[in-house]
Structure formats: structure tokens, C-alpha cells
Amino acid sequence: MDIELARAWVRAIGAAVERDRERLGELDAAIGDGDHGANMQRGFAAAVDAVGAMSPESVGAVLTKTGTTLVSKVGGASGPLYGSAFRAAGKRLAAERAETEEVGAALSAALEEVRRLGGAQAGDKTMVDAFAPAVDAFTRVAGSGGRLDEAARAAADAADEGLRATEPLQARKGRASYLGERSVGHLDPGAASTALVFRALAEAAGA
Amino acid sequence: MDIELARAWVRAIGAAVERDRERLGELDAAIGDGDHGANMQRGFAAAVDAVGAMSPESVGAVLTKTGTTLVSKVGGASGPLYGSAFRAAGKRLAAERAETEEVGAALSAALEEVRRLGGAQAGDKTMVDAFAPAVDAFTRVAGSGGRLDEAARAAADAADEGLRATEPLQARKGRASYLGERSVGHLDPGAASTALVFRALAEAAGA
Amino acid sequence: MKKFLNTADTYLTDALAGFAAAHPDLSVNLESRVVTRARGAVPGKVGLVSGGGSGHEPLHTGFVGEGMLDAACPGEIFTSPVPDQVVEAVRAADSGEGTVLIVKNYTGDVMNFEMAAELAGEEGRRVETVLVDDDVAVEDSTFTAGRRGTGATLLVEKIAGAAAARGDALEEVAAIGRRVDAASRSFAVALTACTTPSAGRPGFDLPEDEVEVGVGIHGEPGRRREKLRPASEIVSDMVDAVLDDRPLESGAEAIVVVNGMGGTPLSELYLVYGEVAALLEERGVSIVRNAVGDYVTSLDMAGCSITVCEAEEGFTDLWDAPVSTPGLRWGI
Amino acid sequence: MKKFLNTADTYLTDALAGFAAAHPDLSVNLESRVVTRARGAVPGKVGLVSGGGSGHEPLHTGFVGEGMLDAACPGEIFTSPVPDQVVEAVRAADSGEGTVLIVKNYTGDVMNFEMAAELAGEEGRRVETVLVDDDVAVEDSTFTAGRRGTGATLLVEKIAGAAAARGDALEEVAAIGRRVDAASRSFAVALTACTTPSAGRPGFDLPEDEVEVGVGIHGEPGRRREKLRPASEIVSDMVDAVLDDRPLESGAEAIVVVNGMGGTPLSELYLVYGEVAALLEERGVSIVRNAVGDYVTSLDMAGCSITVCEAEEGFTDLWDAPVSTPGLRWGI
Ligand SMILES: Nc1ncnc2c1ncn2[C@@H]1O[C@H](COP(=O)(O)OP(=O)(O)O)[C@@H](O)[C@H]1O
Ligand SMILES: Nc1ncnc2c1ncn2[C@@H]1O[C@H](COP(=O)(O)OP(=O)(O)O)[C@@H](O)[C@H]1O
Ligand SMILES: [Mg+2]
Ligand SMILES: [Mg+2]
Ligand SMILES: [Mg+2]
Ligand SMILES: [Mg+2]
């Protein structure tokens with residue numbers, strides 16, 4: 001991954017959440033407060049602007065800027081979570097280019113940060129349920145010598161799979177947990193946006 | 001008219017407004033505030049109780065009691081209007097029995113009081129538009145020697161006719177006047193209750 | 001109908017009972033339906049009484065207390081009180097200095113309060129009536145029942161209440177009440193109809209993209225129906241209606257009330273106030289005081305009214321004077 | 001969607017601009033979205049900051065002023081503020097005596113305020129956080145995000161605000177805020193869903209004869225759906241839920257808040273209060289203070305919450321202490 005690709009990734013996320021803003025909002029309305037689409041759209045639109053306006057000296061600078069922007073623009077649960085995730089990833093990638101395995105390590109650090117901040121376990125019906133399998137898949141492919149686009153595609157597929165698997169779950173973290181059993185039968189909105197984030201990486205890397 | 005007939009009249013009005021409470025409410029909702037049915041029902045239910053509990057010494061006492069009860073139970077526009085009307089009529093009938101012409105004079109006094117208090121002219125789309133033709137018809141029949149039931153039936157028919165004639169009118173008094181042209185095309189609720197009052201007299205007298 | 005109630009018939013009594021429980025400094029007679037200050041008439045002070053149909057809370061019951069009303073007589077929902085109630089309220093309010101009746105201009109209210117005033121007069125009580133008729137949606141002509149009393153009632157009750165509290169005589173309190181009314185104009189728009197407990201359904205049907213313009217406070221339809229437009233346009237028309245009827249010169253000072261009808265959240269009312277403030281500023285009118293909130297409501301109706309009152313000599317000080325009621329409180 | 005607004009995107013800014021215009025004694029920064037007292041931090045006084053998603057007005061912006069908050073930071077509708085905003089608010093509130101953050105217990109609020117607290121700490125500011133988590137509709141277990149913060153926020157902000165005003169030190173103000181939270185429990189029922197400007201339609205569909213039981217204040221569905229029943233039954237269940245979670249002995253004293261969600265008229269809230277008062281009396285609990293009205297709302301949602309706070313040593317005096325904010329005012 002180079003600086004341009006990092007930027008392209010952020011732009012691709014921006015485009016995806018813009019496009020799916022309403023869907024994310026509806027998913028959140030069903031078991032939360034309906035703002036997840038607006039939150040993601042607001043955050044990544046700002047991030048796209050921010051990383052477009054800067055002259056980054058490393059891949060990490062792009063991701064850190066993205067994270068910082070998310071933290072200061074989004075609010076809600078997803079702002080600190082995604083924001084800190086991107087910042088954690090950015091911290092690991094101090095060079096102008098990053099090998100795919102390094103990207104994998106950065107993504108692992110991001111996941112770690114989400115887990116630490118939010119305290120969610122696998123199966124709690126949160127973004128972790130898409131994030132964790134995605135990072136797993138990414139590092140597996142990267143570890144066996146796969147290219148970035150291959151790793152990213154595997155990650156995106158795994159995230160999709162993880163998203164689907166949130167449907168039957170009962171939420172134990174975030175707003176959806178307030179609904180108790182009524183959270184069952186719905187996709188988790190944060191898992192859905194995480195799937196978009198990894199799909200965007202695959203798109204950017206494959207282009 | 002004797003004391004029992006006066007009481008029967010009040011009971012008949014009570015039954016009629018109970019039965020038509022909803023219709024009167026709907027008429028009032030269309031061009032007013034929707035309470036006319038409840039107002040009439042509350043007032044006449046109390047009046048039926050009141051005249052049932054008393055030992056009146058004159059026809060007028062029954063009507064005066066009815067009027068007083070309406071004034072102190074109804075509120076709104078219809079309370080003072082009907083209340084004062086019944087009181088004005090009651091004042092004229094100090095004996096145990098009243099001839100039909102005397103009843104006619106009492107009804108004229110009642111109408112006069114409604115006019116004085118409310119200041120409505122014919123065609124203003126108020127209860128006066130049913131009340132005035134009813135009193136006209138009543139006194140005409142009574143003046144030419146008609147019986148009470150005949151006079152009352154003519155009055156009721158005239159009131160019905162007057163009610164129907166309020167539909168195309170634009171209101172110039174009461175709440176409906178606030179609607180301006182939008183009051184056109186609706187029956188006046190007070191005219192509708194007035195038609196019930198006269199129909200009830202015809203029923204009571206015909207029984 | 002979706003309301004917190006037990007039965008439609010007991011709605012009013014139950015709500016008044018709750019009001020009584022919540023406000024031990026007021027005395028609520030559930031039988032006669034009269035709300036007074038617990039300590040009764042204030043010796044040496046002119047009494048202030050208002051009332052009208054229920055469903056407009058906090059008006060009028062919520063404005064009983066120090067610096068405002070001495071007694072209120074709530075009628076049935078949207079139905080003016082009966083004369084007996086009003087007389088009872090006058091008795092409770094009258095310390096011997098006479099009583100001012102604040103009456104919103106509706107045929108029923110006017111007639112019932114008139115009858116009450118007569119009865120009170122027969123008891124040897126001095127009574128003055130202040131009629132509130134601020135709603136410019138209604139033409140003030142012989143072809144109507146005259147302008148309705150709406151949002152300005154808050155201003156009249158507060159300002160006349162403060163005048164009475166500072167010791168003004170009967171005629172003076174009435175006079176300032178009348179001046180406030182004369183200086184005030186209002187206009188209201190509804191986004192939804194309200195539902196009375198007894199009717200059980202909305203008073204009129206309003207499509208999802210239409211609003212009723214020029215409504216009163218009794219759930220009646222307005223002067224006309226319009227497509228929903230941006231708030232800036234709606235408010236601009238409302239302010240025009242108000243100021244066309246009683247123009248204010250550049251340099252004038254005004255007290256403005258943006259009043260919610262019961263179902264509109266505060267943030268929308270503030271949004272509306274922002275538009276009003278900008279429009280008045282454009283015209284060179286400075287808003288010296290304002291009130292934004294639910295004061296003169298129409299059950300659960302979504303909508304708002306805008307009242308502009310020219311702040312004549314003395315109004316602002318009386319508005320600022322201490323008041324302690326359930327619905328308005330400061331300085332005490 | 002029927003609202004007084006210009007565009008969904010500008011709703012919040014326009015409403016805040018109107019709020020700013022209406023309250024010249026507050027200072028509203030539309031850029032940073034921070035509301036403070038116009039005269040800034042009070043020398044020698046512990047600062048009080050709260051914030052959260054918008055759409056709950058008057059909470060929190062409406063509680064900035066003497067005797068209550070020093071600053072509020074409103075987020076987007078139903079979205080917690082970002083750390084930058086909170087830090088800005090802390091800077092405005094901090095006179096050097098430290099600042100108490102009052103945070104409603106939602107994942108997003110907690111995380112954003114935590115990050116802000118860290119940043120403020122890095123600036124050398126002393127910060128204490130009081131978490132409000134009173135809503136018993138949510139189990140307080142590791143299988144949930146913990147109880148939500150709802151109606152008790154009013155009590156915490158008022159009482160902690162009064163403690164700060166009388167000169168309590170940072171830890172003391174925080175401690176009393178925590179005690180108020182610990183003594184409070186709430187439960188809410190919604191009759192309708194609310195509509196956020198950006199969604200443009202109600203968050204959930206509720207049939208005409210059903211209610212959502214155990215809702216929060218963000219338009220989310222509740223714990224379960226029920227048929228609409230008489231208010232006495234609904235309220236009885238609500239009071240049971242509250243008192244089952246934190247029983248009060250006969251003889252206990254309580255402060256009770258019956259809080260409207262934005263679309264429910266005051267008369268219904270009083271009706272509900274009447275039921276609550278009767279039920280607590282049955283249990284031998286005396287209500288020493290109450291508040292009935294819209295305090296912690298959910299846009300235009302029809303519904304209400306009931307909060308019972310045991311009036312521990314000192315609470316009542318602090319509740320009674322003077323306060324002057326747009327949403328709560330007495331004694332000043
Ligand atoms: N504790 C947590 N750990 C991980 N993810 C969480 C946690 N709480 C919430 N989330 C994620 O955040 C998403 C909601 O984000 P968003 O709607 O933007 O914020 P909010 O819940 O504050 O409205 C949820 O769908 C979930 O995936
Ligand atoms: N000035 C008036 N003169 C005669 N009748 C009137 C007048 N004003 C109103 N009414 C009658 O009263 C009726 C409404 O009565 P009601 O609904 O009980 O009272 P309110 O208008 O106070 O709600 C109207 O339909 C009309 O017939
Ligand atoms: Mg959300
Ligand atoms: Mg009526
Ligand atoms: Mg009426
Ligand atoms: Mg949110």
C-alpha cells in the first residue's frame with residue numbers, strides 16, 4: 001500500500017457510505033437510533049476532504065488523519081471506534097509504502113483498539129463481528145504471501161460473512177443491547193459499515 | 001301544555017341529544033371545535049335529572065329549571081344561549097297549564113333572548129336559522145287555532161328546513177365564522193340541535 | 001386515539017387532580033373546578049381571574065400564582081367555563097379591591113363571563129373585563145365573531161398580573177391589560193390536528209404534505225390549507241400577517257412569543273423564533289423580551305403561533321416583575 | 001415529515017441560532033457547537049459541563065445558566081458530541097477549580113467524553129465524570145451496555161449545579177451528582193415514534209392501539225410492545241418497574257419527575273403525575289418535590305418517563321436553590 005492507495009481507500013469508503021447512507025440509517029433505526037448512515041457519511045466526507053488537502057509523508061499519516069477527522073466529526077459510538085481504529089492503524093505505517101503483511105499488522109492493531117475501547121467480544125453483534133473475521137482473513141492471505149488486493153478481497157468477503165452472521169444474534173453492546181431479544185433478526189449497522197470499509201479497500205487495491 | 005308534558009319534552013330532548021351526540025359533535029368538528037354534542041348531552045342529562053327531582057308548580061318552573069341547569073352545566077356558546085332561551089320561555093308560563101298560543105309567545109320570547117344575547121341575524125348560520133322559522137311556524141299554527149302537537153310538528157318541520165338551509169351559508173357568528181368561506185357547505189351544529197329540540201316537543205306532544 | 005388517560009369522561013378531572021397533587025401551593029377544587037392560590041385572595045390587591053376551555057395548558061390554571069392570576073376556572077375541553085365557576089373564582093380572588101376578568105374573545109367565553117360578571121355585580125363586587133382578541137387570522141368585522149384570543153393571553157395575564165401585584169387599582173390593571181391586548185397580534189399554523197378525548201380522533205384530516213394556516217386554539221380548521229414549505233417561508237408569511245395588521249415602525253421595541261401548540265418540540269420552536277428574530281431585525285424592530293415554549297396550547301396539536309406585542313411604556317418592567325406559577329416563574 | 005424546518009441538514013444549526021437569539025444571557029458558538037454562560041466561567045466555582053445528542057431539548061442547552069450548567073455541547077441529533085466540542089466546553093467552564101462532566105450512559109457518549117476528559121487532563125485540567133444511568137428498562141448487566149441515562153439527568157444537573165454554586169469542591173460536586181444518580185430510577189413508555197429530520201419518517205411503526213414499553217430517548221424501539229391500556233394501569237406498571245429495581249420503604253421521601261417526550265401535552269403529564277402520586281402514597285412514600293413537564297425529550301415523540309429519586313440528605317435544599325436557565329428557573 002502506498003500513500004495514493006491509502007487515499008483512494010478513504011475515498012472509496014466515502015463513496016460507499018454516501019451511497020449506502022440510507023441503508024445504514026435504516027439498519028440503525030431498526031435496532032438503534034437511526035443515525036449510523038448520517039454519522040458515517042459526515043465522518044468520511046470530512047476525511048476525504050482532509051486527506052485530499054494534506055501532503056502526507058507516509059501511508060500512516062493518511063490513516064491517522066482519517067482517524068483524527070472521524071473522531072472530531074462523527075460523535076456517537078462509531079466516531080471514537082472507527083476514529084481510534086484508523087489512528088491505531090496509522091501509527092503502525094510510518095513509511096511511504098507498506099507491505100501487505102504490515103498492512104495486516106496495522107489492521108490487527110486497529111481491531112485491537114476497537115476491542116479495547118468498546119469492550120465487545122465476538123458474537124456481541126457489533127462491528128467487531130465483521131471486523132475480526134476480516135482482519136483474520138487479511139492476515140491469513142497476507143501471511144501466505146498474498147497480494148494486497150487478494151488479502152483485501154478475502155477480508156471483504158469475510159466481513160460480509162460476519163455481517164450476515166450478526167442477524168440471528170442478540171446484541172450485548174451498544175444501543176441495540178437495550179432491545180434485548182428484539183435485537184434478534186436484524187443486521188448490525190456497524191458491522192454493515194465495516195463490510196463497506198473492507199470492500200472499499202478491495203476496490204481501491206484492485207483498481 | 002301541562003307540567004308533565006313540559007317534563008316529557010325535556011326528557012325527549014335529553015334522549016335525542018344522547019342519541020345524536022356524535023353527529024352533533026361531528027358537525028361541530030367540521031366548522032367549530034367539536035364539542036357541541038358533548039355540551040348538549042351534558043346539559044340536558046343534567047336538566048332531565050333536575051326537572052325529575054323537583055316538584056314544579058308551573059309549566060314555567062320546569063322550563064326555567066331547565067334553563068338554569070343548562071347555564072350552569074354547559075358552558076360554551078350553546079349553554080348561555082339555550083339556557084337563557086329556556087329561562088325566558090319559563091318566565092312566561094307561570095300557570096300549571098299553558099294554552100298553545102301562550103306556549104307560542106313563550107317560544108317567541110326565547111328566540112328573542114337568543115337574538116339579544118348572541119346578536120345573530122337570520123342567515124348568519126347559527127341556531128337562529130332553525131329557531132326563527134320554527135317559532136314562526138309554531139305561532140302561525142297556534143294563532144289559527146291549531147293544537148300543541150300540530151304547532152309543534154309544524155315547528156319541527158320548519159326547524160329541519162331551516163337547518164338544511166344553513167348548509168350553503170357562510171357563517172358570520174360563532175366559531176364557524178373564523179373559517180370564512182370554508183364554513184360553506186356544512187350544516188350548523190346549533191341549528192341541528194335546535195331541530196332536535198323542536199322535534200322532541202312534537203314527539204312529547206304527540207304521544 | 002392514543003393518550004395517557006383512563007376514560008375520556010374522566011380525563012379532565014384526572015388531569016386536574018394530578019395538577020393539584022403537583023402544586024400544593026395552589027388549591028384546586030375539583031367539584032367547582034376552580035383553581036386558586038392556596039393562601040387565598042391577597043389583601044389590598046386587585047384580583048385577577050381568567051378561564052376558558054381546558055386543553056390549552058399551562059393556560060390558565062398554570063398561570064395562577066404570585067405575580068399573575070389569583071384564580072382560574074377551567075371549563076370542559078375547548079368549552080368555556082359556566083358562569084357559576086367564574087363567580088366562584090371571582091369570590092376567591094376578590095379581596096375587596098375588585099377583580100379583573102381576562103376573557104379570550106370567543107362567543108361562549110364572552111357570554112359566560114358576562115353572565116358571571118352580572119352575578120358578581122349583584123353580589124356587590126366590582127368587576128372589570130379585559131377581552132383578548134389578538135389573532136389576525138380572523139377579520140375583526142361584523143361578518144365574524146371578531147378576532148380570537150390566543151397567544152397574547154400570556155402577555156395580558158403576566159403584565160396585568162404584575163400591575164395588580166404592585167398595587168395598581170382596578171381600572172388601572174384593566175387598562176394595562178387592554179393596552180397589552182391592543183398592542184398584540186398573533187397568527188398560528190398547524191401541522192396536525194388535535195384529538196379531543198371525547199371525539200377520539202383528529203378534528204380534521206391533514207395530508208402528510210399540507211398545513212393549516214390561520215388556525216385557532218380549539219382544533220378548528222384554519223383559514224386555508226397549504227403545501228408544507230420551508231420554515232423560513234411559513235414564518236415570513238406569519239410575520240407579515242401579524243405586522244400587516246398592526247405595523248411596527250423601525251426602531252420599535254417588541255415582546256415576542258413563539259408558542260407551541262402542544263405537539264411541537266422545543267427545537268422547532270427555537271428554529272421558528274430564529275426566523276422571527278431575523279425578520280424583525282430586518283424591519284428594524286428590536287425584540288426586547290421573548291418567550292419560546294408551550295403556553296397556549298391545543299392539546300396535542302403540532303404547530304405554533306407567533307405573537308408580537310409592541311413593548312409600550314411600562315410593559316417590559318411588568319413582564320420582568322417576579323412571577324411564581326407552574327407555567328411561568330422567575331424572580332421568586 | 002412535518003416539521004418547522006428549512007432543510008434537514010440545517011435543522012440543528014437553525015434551531016441553535018434561534019436558541020441563541022432567544023437567550024442573550026447565554027453565548028452560543030454555532031461553529032464549535034458549545035453553549036456557555038455569556039459571562040463565562042465563574043471564578044472560584046467548580047465548572048459543570050454536560051452534553052449529548054441533540055433532540056432532547058431543553059436538555060442540555062436549556063440547562064445552562066446560574067445554578068446549573070456552565071456549558072453544554074450539543075451533538076448532532078441523537079448523536080453524542082465529539083471530543084473537541086466537549087473539551088471546548090470544559091475550557092469555557094473551568095475557572096481553575098476543575099470541571100464535572102455529566103454524561104448519560106450510552107456507549108457513544110461515554111467514549112467521546114472519555115476521550116475529551118483525557119485531552120482536558122493533558123491540558124492540566126482536573127475533570128471528574130458523573131455517569132447517569134437511571135433507566136430500569138435496561139438491565140444493568142454485562143449483557144447490555146448498562147442502564148441508559150434518561151430523566152434523572154435533570155435531577156443530577158440541577159442538584160450538582162446547586163452544589164457547585166454554593167462552592168462545593170470538585171470531588172464533592174461529583175459525589176453528590178453520583179449520589180443523585182444512584183438514588184434515581186426511571187422508566188418510559190412511548191405512544192408514538194419520533195421522526196428525526198434526516199430520516200424523515202418515524203423510527204418505528206406503531207399501530208393505533210399499541211404502545212412501546214421501556215423506550216429510551218433516542219427514538220429506538222422499547223423492550224416490548226403492548227396494547228394501549230388505561231393510564232392507571234400503564235403508570236402502575238411503570239412505577240412497579242422503577243420501585244422493583246430500587247425499593248423505597250414506607251416513610252421514604254422522593255423527588256418525582258414526570259417528563260414528557262416532546263409530543264405529549266401537559267394535561268396528560270399531569271394526569272400521569274396524579275397516578276404516580278396516588279401509587280406512591282399507597283406505598284407510604286411522600287413526594288417532597290416534583291417536576292412535571294418536558295425536560296428530557298425525544299423530538300416529537302408522544303410518551304413520558306417517570307423518574308423517582310429518593311430524596312437523600314441535602315437533595316431537597318439543593319433542588320430548591322435558585323436556578324436561572326431557559327428550561328428551569330426559580331429564585332432568580
Ligand atoms: N461497545 C461497542 N463495541 C464495538 N462496536 C460497537 C459498540 N457499541 C456500538 N458499536 C457499533 O456502533 C454501531 C452504531 O454506531 P452509530 O449508530 O454511529 O452510533 P450510536 O450507537 O452512538 O448511534 C453499532 O451498530 C455497533 O456496530
Ligand atoms: N352569536 C350566536 N348566536 C346564536 N347562535 C350562536 C352564536 N354563536 C354560536 N351559536 C351557536 O352555537 C353553536 C355552537 O355551540 P357549541 O359548540 O356548544 O359552543 P362553542 O361554539 O362555544 O363550542 C353554533 O353551531 C351556533 O349554532
Ligand atoms: Mg446510531
Ligand atoms: Mg363547539
Ligand atoms: Mg366549545
Ligand atoms: Mg446515535
Side-chain angles (χ1 to χ4, degrees), chain C residues 1-7 11-12 14-22 54-55 57-58 62 189 191-192 194 208-209 211 228 230-232 234-235 258 262-278 287 290 292 294 297 299-300 302 304 324 326-327 329-332, chain D residues 1-7 11-12 14-22 54-55 57-58 62 189 191-192 194 208-209 211 228 230-232 234-235 258 262-278 287 290 292 294 297 299-300 302 304 324 326-327 329-332:
Chain C
M1 167 177 53
K2 274 197 187 167
K3 289 184 188 295
F4 292 107
L5 56 72
N6 292 312
T7 66
Y11 182 82
L12 196 56
D14 291 351
L16 268 176
F19 179 84
S54 292
E57 293 70 25
V189 167
L191 304 188
T192 66
C194 63
E208 188 47 37
D209 62 338
V211 301
L228 177 63
S232 60
I234 298 177
V235 172
V258 170
T264 285
L266 194 53
S267 48
E268 289 181 53
L269 298 180
Y270 277 122
L271 193 149
V272 167
Y273 181 78
E275 302 289 344
V276 176
I287 305 180
N290 70 78
V292 179
D294 284 6
T297 62
L299 291 172
D300 56 348
C304 75
S324 175
R329 189 163 173 182
W330 54 72
I332 309 180
Chain D
M1 166 178 54
K2 273 198 189 169
K3 289 183 189 296
F4 292 107
L5 56 71
N6 293 311
T7 67
Y11 181 83
L12 195 57
D14 290 350
L16 268 176
F19 178 84
S54 292
E57 293 70 25
V189 167
L191 304 188
T192 66
C194 63
E208 187 46 39
D209 63 338
V211 302
L228 177 63
S232 60
I234 298 177
V235 173
V258 171
T264 285
L266 193 53
S267 48
E268 289 180 53
L269 299 179
Y270 277 123
L271 193 149
V272 167
Y273 180 78
E275 301 290 344
V276 176
I287 305 180
N290 70 77
V292 179
D294 284 7
T297 62
L299 289 175
D300 55 348
C304 75
S324 174
R329 189 163 173 182
W330 53 72
I332 309 180

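Everything quoted here is computed from the prediction, not taken from an experiment. Lettering of chains follows the sequences in order, A, B, ..., and the numbering in each one begins at 1.
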> Looking at D:Phe4 and C:Glu268, what are the two nearest heavy atoms and their distance?
Replying inline: N-OE1, 2.8 Å
> Which pair of heavy atoms, one from D:Leu269 and one from D:Val258, lies closest together, and at what distance?
Replying inline: O-CG1, 3.6 Å
> Measuring from C:Asp14:CG to D:Tyr270:OH, what's the distance to the nearest 0.5 Å?
Replying inline: 15.5 Å
> Roughly how far, to the nearest 0.5 Å, is CE of D:Met1 from CG of C:Asp209?
Replying inline: 12.5 Å
> Which of the residues C:Leu271, C:Asn290, C:Leu266 is involved in the greatest number of heavy-atom pairs with chain D at under 4.5 angstrom?
Replying inline: C:Leu271
> Of the listed residues (C:Cys304, C:Cys194, C:Gly327), which shares the most heavy-atom pairs with chain D below a 4.5 Å separation?
Replying inline: C:Cys304
> Among D:Ser232, D:Ala20, D:Ala277, which residue forms the greatest number of heavy-atom pairs with chain C at distances under 4.5 Å?
Replying inline: D:Ser232
>> Which one wins on heavy-atom pair count under 4.5 Å against chain C: D:Asp300, D:Leu5, D:Leu228?
In response: D:Leu5
> With chain C, which of D:Gly55, D:Ser267, D:Ala17 has the greatest number of heavy-atom pairs at distances under 4.5 Å?
Replying inline: D:Ser267
> OH/D:Tyr273 to CD1/D:Ile287 distance, rounded to the nearest 0.5 angstrom?
Replying inline: 3.5 Å
> Which one of C:Lys2, C:Glu275, C:Arg329, C:Glu57 has the most heavy-atom pairs closer than 4.5 Å to chain D?
Replying inline: C:Lys2
> Looking at D:Ser324, D:Ala302, D:Ala22, D:Pro326, which makes the most heavy-atom pairs under 4.5 Å with chain C?
Replying inline: D:Ala22
> Can you tell which of D:Gly331, D:Gly274, D:Ala278 has the highest number of heavy-atom pairs within less than 4.5 Å of chain C?
Replying inline: D:Gly331
> C:Thr264 and C:Asp294: which non-hydrogen atoms are nearest, and at how many Å?
Replying inline: O-OD1, 4.3 Å
